[in-house]
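So that the names make sense, note that chain A is the first sequence line, chain B the second, and so on, each numbered from 1.
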Amino acid sequence: MTGTRRSDRRPAPGSPVARVCVDVPLAHLDRPFDYLVPAELDAEALPGVRVKVRFAGQLVDGWLLERVERSDHPRLAYLEKVVSPVPVLAPEIAQLARAVADRYAGSLADVLRLAVPPRHARVEKELGGTAPPADTAPTGADAVPVDPRGWRDYPAGPAFLRALTGGRAPRAVWSALPGEDWAARYADAVAATVAGGRGALVVVADARDLDRLDVALTGTLGPDRHVCLSAALGPARRYRAFLAARRGEAPVVIGTRAAMFAPVGRLGLVAIWDDGDDLHAEPRAPYPHAREVLLTRAQLGGAAALVGGYARTAEAQLLVETSWAREVVADRATVRARTPAIVPTGDDPQLARDPGAATARLPSLAWTTARDTLRADAPVLVQVPRRGYLPSVACADCRTPARCPHCAGPLALPSAAGTPACRWCGRVAAAYACPECGGRRLRASVTGARRTAEELGRAFPGVPVRTSGREEVLTTVPAGAGLVIATPGAEPVAEAGYGAVLLLDSWALLTRADLRAGEEALRRWLTAAALARPASAGGRVVVVADGALAPVQALLRWDAAWFAARELAERRELGFPPAVKMASVTGPAEAVADLLAGARLPDDAEVLGPVPADEGRERMLVRVPRARAAALAEALHTAAGQRTARKAADPVRLQVDPLSLF
DNA sequence: GTCTTGAAATCG
DNA sequence: GATTTCAAGACG
């Protein structure tokens with residue numbers, strides 16, 4: 001940065017010590033290190049800038065966390081360089097990152113890597129100037145239209161908006177009505193917050209939801225009051241958007257998971273839509289979940305929180321039951337008035353009467369519903385299983401799900417022609433015979449979207465067929481007769497709503513070997529069924545599933561809260577999250593054993609396992625009461641640090657609140 | 001991760 | 001006694 005020779009350097013006159021988080025991946029180095037600020041870097045070496053320091057002889061990247069008067073360390077090295085004078089790491093984000101690292105048994109450096117996008121020098125240059133970001137949150141003088149009408153179907157809704165405008169910190173778990181324009185309601189909440197002179201941050205699961213929210217916010221606040229932030233923008237545009245947020249150019253930030261750490265001035269509201277979507281879980285260490293990060297921000301910053309969806313996760317239910325948040329729901333009469341007519345049906349094509357149904361492998365009720373809806377010139381949405389899953393298998397004769405003879409886990413076909421193997425214990429079931437009918441033939445229970453589309457197209461000749469899935473996701477489809485085949489999460493919105501929604505992938509969803517199978521099935525159904533017209537306008541939903549199952553019951557009654565309460569109660573009984581705190585330790589067997597042997601776990605910790613994981617590694621679960629969560633995370637992080645300090649070769653992966661337990 | 005350190009191992 | 005090797009420890 002300057003030509004000053006090393007021997008000529010002298011410390012800056014005021015607060016000459018910089019506390020630096022060095023960017024090294026070792027758990028035992030997860031603490032600040034002190035450096036001297038040379039006088040010539042005094043002006044640039046501000047908290048939040050990226051720096052280079054000499055660490056163990058080599059130059060490493062780091063974050064300047066704070067400037068202080070003195071250090072306990074006797075001999076300090078000088079800061080080598082300020083990489084960029086832009087203090088990209090806001091103080092409250094540094095504090096948040098520390099809290100997230102602690103919660104997830106991870107290192108601050110790991111979290112900061114997620115929190116601040118990679119620098120893009122050209123973008124920084126084009127913005128020019130080195131002015132530190134001003135605290136340019138909105139002022140109360142802003143004329144922001146607040147319209148409480150959209151929330152009046154929810155008795156607690158208008159008061160929630162008033163509290164946002166009034167600068168308070170209400171926390172809501174919101175169950176959206178079928179047909180609800182959730183993006184517009186989020187825009188209302190954001191506008192109410194901005195009207196009160198505060199900023200807001202909203203996280204959604206994917207690009208399509210982000211587009212909807214972007215449009216809704218542009219409608220209420222205009223185009224210039226919010227910044228969209230997502231990894232899909234690419235490095236340059238992402239960094240530009242991040243800098244805009246950091247400089248306080250707009251009071252509102254919306255985005256996908258990557259935005260959960262975005263700096264927002266005078267944060268008044270954090271919100272997440274559809275927190276059950278697994279895209280909200282960060283796949284990089286320490287695997288933080290957007291909902292938890294946002295709630296941590298609300299807690300640390302005294303901000304309001306909004307956790308909304310058509311469905312409700314057990315985690316959201318826990319917020320309600322612990323009184324951390326209040327539920328915002330419509331009364332039953334309103335729910336009934338908005339809900340489409342929902343009926344379950346068995347999985348048996350009625351071959352004789354409807355040749356078309358048999359061709360399309362549709363249960364006859366689904367087929368007649370589709371036919372009648374198309375005749376009435378209304379669109380039909382068909383939700384089919386997503387490709388790419390390991391197909392689960394069932395008896396080809398009686399359709400009993402094929403289960404492992406050894407552990408009763410679900411069998412799956414690793415490839416189309418392969419031998420079925422158990423998804424839980426990995427044993428190969430070469431000579432499988434169905435326990436119900438003795439049949440030896442198996443069939444995949446999942447049919448691809450494309451094939452379903454082709455078959456339906458043949459069943460209803462002359463009707464336009466559109467597909468929305470991984471390759472191409474449609475945002476909207478026109479009103480009028482048409483078939484829309486969509487995989488979960490890719491359902492387009494229909495103008496004026498769908499006349500019918502057919503939910504065909506229930507079997508694949510409900511037999512998944514997962515703690516959340518029921519919750520996830522219901523979430524996907526509600527999300528698709530919410531796009532149907534109300535029953536009064538002819539809207540119908542057919543779900544191909546046993547009407548006695550709890551998730552199906554919850555769908556029929558449109559009662560996500562009931563299901564979430566039931567689910568949480570069940571998990572309490574079984575000792576599963578979120579009723580308890582779980583962490584998983586994954587790696588080579590010896591490494592896992594070594595880490596757990598060295599960890600000073602809380603007294604009441606239970607160690608479960610091992611469970612085989614992929615590539616010959618194994619996985620142990622540690623369970624503690626929720627009150628011990630912090631102690632568990634700390635013990636695991638410390639134990640990981642002991643291993644890295646000892647140069648233990650095998651890496652061990654720590655996950656707090658792992659998304660899947662099996 | 002890399003670099004330093006000090007004690008043990010090896011060599012002439 | 002001098003030189004090399006290696007594991008342990010520190011890293012500001």
Q. Nearest of C:dC11, C:dG12, C:dA8 to any side-chain atom of A:His28?
A. C:dC11
Q) Atom CG of A:Asp30 to atom C1' of C:dC11: distance rounded to whole Å? A) 14 Å
Q: Give the intermediate values and the outcome of salt bridge (Lys or Arg N to Asp or Glu O under 4.0 Å) for residues A:Arg9 and A:Glu80.
A: CA-CA 11 Å; A:Arg9 287 192 290 201; A:Glu80 220 46 54; 3.8 Å; yes
**Q.** Nearest-angstrom distance from the residue atom CD of A:Gln58 to P of C:dA10
**A.** 18 Å
Q. Just how far, in rounded Å, is P of C:dG12 from CG of A:Asp23?
A. 16 Å
**Q.** Nearest-angstrom distance from the residue atom CD of A:Gln642 to P of C:dA8
**A.** 15 Å
Q) When the distance from CZ of A:Phe33 to C1' of C:dC11 is rounded to whole Å, what number comes out? A) 6 Å
(Q) Under 4.0 Å between a side-chain nitrogen and a carboxylate oxygen: does that hold for A:Arg523 and A:Asp275? (A) no
Q. If we take the C1' atom in both B:dG6 and C:dG12, what is their distance in whole Å?
A. 22 Å
Q.
I want to check a possible cation-pi pair here: A:Arg516 against A:Phe576, using under 6.0 Å from ring centre and within 45° of the ring axis as the test.
A. no
Q.
Taking the minimum atom-to-atom distance to the side chain of A:Leu29, which one of C:dG12, C:dA8, C:dC11 wins?
A. C:dC11
Q. What integer distance in Å separates A:Phe55:CZ from C:dA10:C1'?
A. 8 Å
Q | Atom-to-atom span, OH of A:Tyr78 to C1' of C:dG12 - whole angstrom | A | 13 Å
Q) Reading DNA chain B 5' to 3', which nucleotide is the first, and which the last, to come under 4.0 Å of any heavy atom in chain A? A) B:dG1 to B:dC3
(Q) Counting the atoms with a prime plus P, OP1 and OP2 as sugar-phosphate, which does A:Pro32 contact under 4.0 Å by heavy atoms, base, sugar-phosphate, or nothing? (A) base
Q. Less than 6.0 Å separating the ring centroids of A:Tyr78 and A:Tyr35?
A. no
Q) Should the heavy atoms of other residues, nucleotides or ligands under 6.0 Å from CZ of A:Arg600 be counted, would the total exceed 12? A) no
Q) Within a radius of less than 6.0 Å around CD of A:Glu634, do more than 12 heavy atoms belonging to other residues, nucleotides or ligands occur? A) no
Q: Take atom CZ of A:Arg646 and atom P of C:dG9, then tell me their distance rounded to the nearest Å.
A: 11 Å
Q | NZ or CZ of A:Arg171 within 45° of A:Trp324 ring axis and under 6.0 Å | A | yes
